[in-house]
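In what follows, residues are counted from 1 in the order of the sequence shown. Keep in mind it's a predicted model, so treat the numbers as computed, not measured.
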Amino acid sequence: MTAGLARVGRYLRKLSLDEIPQFLNVLKGEMSVVGPRPAIPYEVEHYTPYHSRRLTAKPGITGLQQITARSTRSFG
């Protein structure tokens with residue numbers, strides 16, 4: 001059963017269907033379609049004042065990282 005769920009998960013990710021729940025957040029006004037991804041606490045701990053500016057923008061579903069590298073870019 002776990003292998004079957006993994007296959008379903010890969011299929012959803014391949015088609016980016018795993019992003020659908022975030023569109024509900026857009027409809028509620030909590031996110032925008034384009035903007036920085038929500039930061040995780042570990043990243044925020046390492047923010048400089050320059051990086052902290054991104055916290056003023058409404059988080060988005062897609063942004064530079066998703067377009068250029070999907071999830072391979074490192075922080076910095």
Side-chain angles (χ1 to χ4, degrees):
M1 177 136 177
T2 304
L5 289 175
R7 275 181 275 174
V8 170
R10 280 193 297 271
Y11 180 75
L12 292 174
R13 183 68 204 129
K14 180 180 178 182
L15 298 176
S16 294
L17 295 176
D18 60 331
E19 304 287 348
I20 289 174
Q22 292 182 9
F23 275 107
L24 297 176
N25 292 332
V26 171
L27 295 175
K28 293 191 298 186
E30 298 172 354
M31 294 180 80
S32 63
V33 175
V34 178
R37 290 290 261 204
I40 57 175
Y42 171 79
E43 290 177 342
V44 176
E45 291 173 6
H46 293 89
Y47 277 7
T48 65
Y50 173 79
H51 292 113
S52 296
R53 293 184 321 159
R54 79 184 296 265
L55 297 175
T56 62
K58 191 179 283 192
I61 293 175
T62 192
L64 179 63
Q65 182 173 355
Q66 288 71 39
I67 295 168
T68 59
R70 201 67 162 157
S71 62
T72 58
R73 292 186 65 183
S74 62
F75 175 74

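Contacts of Y42 classified as ring pair (Phe, Tyr, Trp, His ring centres under 6.0 Å), with partners at least two apart in sequence or in another chain: H46. Remark: R53 engages no residue in a side chain to side chain donor-acceptor pair (under 3.5 Å) (not counting sequence neighbours).
V44 and I40 are assigned to two separate hydrophobic clusters, defined by single-linkage of ILVMFWY side chains at heavy-atom distances under 4.5 Å. In the hydrophobic clustering of ILVMFWY residues, with side-chain heavy atoms under 4.5 Å counting as a link, I20 and L15 come out together.
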Check: residues 23-33 side-chain donor-acceptor pairs under 3.5 Å, at least two apart:
unit_1 : atom_1 : unit_2 : atom_2 : d
S32    : OG     : V34    : O      : 2.9
S32    : OG     : P59    : O      : 3.4

